[in-house]
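First the structure, in the form of structure tokens, and then the observations on it.
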Amino acid sequence: MALSICAIASEAAPFAKTGGLADVTAALTKYLAGAGHDVRLFVPLYSSVDRARFPLSPAGISRSTTLGAHTYAWSVHIAALPNSSARVHMVDCPALYARGGLYTSDGDDHRRFLLLTRAALECCQHLGFQPDILHCHDWHAAFGPLFLRTLYGWDRLFAGTRSVLTIHNIGYQGVFAAHDAADLGLGDNAHLLHQDDLKAGRINALKHGCMYADAITTVSPTYAREIRTPQYGMGLEDILRARGAALTGILNGVDYDEWDPRTDRYVDLNYDASSVSVKGELKARLLTRLHLPVAAGVPLIGMVSRLAAQKGIELTLAALPRLLAARKLAFVALGSGEGGYEYALGQLQRDFPGRVVCHRGYNEELAHWIEAAGDLFLMPSLYEPCGLNQMYSLRYGTVPVVRRTGGLADSVQPYDPATGTGTGIVFEEPSAAALEAALGGALGLYAQPQHWRRLQANGMAQDFSWARQGALYVALYEQLLA
Ligand code: ADP
């Protein structure tokens, strides 16, 4: 049965991306459209969207919406999602989206995404588009399920609509001050807000999604278990436990149109499992480009990451200097984020000249080069809802070194030299010593070509395509509608 799906998210690649969320919303939309469903994805038209690269056409919808004491004029533009028949609806509201970045710490950040959510639902009304499923991503869209029952509960258009909240990262919950409650426009339904939070002076967007969505998903089965515990639930564990089987985990897929060494358009040379030695040439070229005079046989460890505590940057900064001092290896990191980490990585580069490059910033091309040219890929995350780079690394024959958490645990199997099974190096303890030991083990295997080739081949044979993962979302939608 072809379904109608309204999806709401703060990011969609390639238009607006800070991390994996953008990859997932775009790829899931592409999968759903390809499978014959009518999917409309709504995202903000940020001022950073490159209109020269992505032509937009007006959808003929101009309205204004009042959030508390604020009234915002908005309109909708449509962009074609590359390699897909799907169209992305971009909500144009310069008063809210013409800012320095996708996210801000401005006092109206909650209104930026309340408007997005309401504009998506009002656009459905305007278009007469009757969604079977309202799919809300992260805190930005998490009031969608409650709005369906309240502000738009009168409209028969939504009478059959079931809601799904996908949690891509529970570390970001969209908390704002209770004195902004009027911005939600709930009126007589304000009692549906989490009352203890209100008394404590705050409103937590993600929590309301967890309370009112018909189904909650997160982006790996392990993370779905983890966020029910105080260690990982970031305060939402009780509510999530109470929702029982309504919470499930669906591992993200990989868009192999973008991330496949056989067709990668960013790197000079393409390869597959039978020509993996091409990586050596790519490594030489990357090292030359980065001015790292490292001999061919020296292993190259790569890292591409948002620089946030979640990503285990502190473990990296503690473990790498000792390893670099003791062993022959090179390290290339790409990332941006917290200033302290950016500085510390810069210091690592200064401490190990000619062996370490820490490139600050966001750079799609360099990210592909690091995946293709690296020998190992480092992801020592303290928590990781899914993680995409470890899955990219597997396909590129770049052996991932990961901590056993969330999606890392679900996508990388520890290599067992006795049986030759497994796809990466997995460690447990979130400590620098455990990371150092894991990297030591990885370098030991690198020195044994028969094991290394096996590890690479095992990883390259893995398939995390959306064809499989997307079907799991459709099965969930169908189950909700049954
Ligand atoms: P998260 O969403 O927590 O940042 P994921 O591993 O799920 O982590 O997704 C990260 C995505 O963002 C990947 O596609 C990765 O290549 C990309 N990425 C992260 N930082 C950078 C950067 N500095 N430059 C280019 N791409 C980046």
Side-chain angles (χ1 to χ4, degrees), residues 9-28 48 101-103 137-140 166-172 218-220 222-223 227 232 234 249-261 264 266-267 286 302-313 316 332-339 341-342 345-346 357-374 377-396 398 400-403 405-412 424 464 466 469:
S10 61
E11 301 186 16
F15 311 107
K17 168 170 166 175
T18 68
L21 170 65
D23 293 324
V24 173
T25 56
L28 179 58
S48 57
L102 269 51
Y103 306 118
H137 293 274
D138 271 350
W139 74 262
H140 314 92
T166 294
I167 301 172
H168 295 262
N169 190 333
I170 210 161
Y172 302 86
T218 186
V219 289
S220 67
T222 294
Y223 196 58
I227 58 178
Y232 291 98
M234 307 239 181
I250 299 176
L251 195 72
N252 285 335
V254 170
D255 184 350
Y256 289 120
D257 289 345
E258 284 297 313
W259 294 95
D260 188 334
D264 193 309
Y266 291 98
V267 295
L286 178 64
M303 184 170 200
V304 179
S305 183
R306 280 188 298 116
L307 300 181
Q310 173 207 339
K311 299 293 181 180
I313 310 299
T316 306
V332 175
L334 165 64
S336 60
E338 286 173 30
Y341 293 142
E342 291 184 351
L345 284 167
V357 164
C358 296
H359 188 97
R360 199 167 82 182
Y362 189 92
N363 187 325
E364 196 80 34
E365 187 216 2
L366 185 55
H368 282 253
W369 268 95
I370 291 173
E371 287 291 3
F377 194 93
L378 186 54
M379 265 179 106
S381 306
L382 304 184
Y383 74 92
E384 192 60 75
C386 177
L388 291 170
N389 275 300
Q390 81 282 8
M391 296 196 272
Y392 303 157
S393 301
L394 290 169
R395 181 51 66 101
Y396 281 77
T398 306
V401 179
V402 305
R403 197 171 93 73
T405 184
L408 299 174
D410 292 337
S411 57
V412 181
F464 295 102
W466 273 103
Q469 304 313 108

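Note that ligands are numbered from 1 as they come in the structure, with each ligand's atoms numbered from 1 the same way.
Among protein heavy atoms, the minimum distance from atom 11 (C) of ligand 1 is reached at Gly20 N, 3.7 Å. Of all protein heavy atoms, the one closest to atom 5 (P) of ligand 1 is Leu388 N, 3.7 Å. Remark: minimum distance from atom 27 (C) of ligand 1 to any protein heavy atom is reached at Tyr362 CE1, 3.3 Å.
Contact check on Glu384 versus Lys311 returns a salt bridge, with a Lys/Arg side-chain nitrogen under 4.0 Å from an Asp/Glu carboxylate oxygen.
With sequence neighbours excluded, the residues that form a side-chain hydrogen bond (donor to acceptor under 3.5 Å, both in side chains) with Tyr392 are Asp23, Trp259. Residues satisfying the side chain to side chain contact (heavy atoms under 4.5 Å, CB included) criterion with Leu334, sequence neighbours excluded, are Val304, His359, Asn363, Leu366, Ala367, Ile370.
Between Ser393 and Glu371, the side chains place a donor N or O and an acceptor N or O closer than 3.5 Å (distance only, hydrogens not considered). In this structure, a donor-acceptor pair under 3.5 Å is present between the side chains of Glu11 and Tyr103.
Any N or O atom pair closer than 3.5 Å counts here, and Lys17 shares at least one such pair with ligand 1. Checking only distances, Ala367 never comes within under 3.5 Å of ligand 1, N or O to N or O. Below 3.5 Å of separation, one finds no N or O of Val304 facing any N or O of ligand 1.
Using 4.0 Å as the threshold, Gly361 has a heavy atom nearer than that to some atom of ligand 1. Ligand 1 is approached by Lys311 to a heavy-atom distance shorter than 4.0 Å. At a 4.0 Å cut-off, at least one heavy atom of Gly387 sits close enough to ligand 1 to count as contact.
In the vicinity of Asp23, heavy-atom distances shorter than 4.0 Å reach the ligand 1 atoms 11 (C), 13 (C), 14 (O). The atoms of ligand 1 that sit less than 4.0 Å from any heavy atom of Arg306 are 1 (P), 3 (O), 4 (O), 20 (N).
Contacts between Asn389 and ligand 1, counted as non-hydrogen atom pairs separated by less than 4.0 Å, involve both the backbone and the side chain. Contact annotation for Cys386 and ligand 1: no heavy atom of the residue comes within less than 4.0 Å of the ligand.
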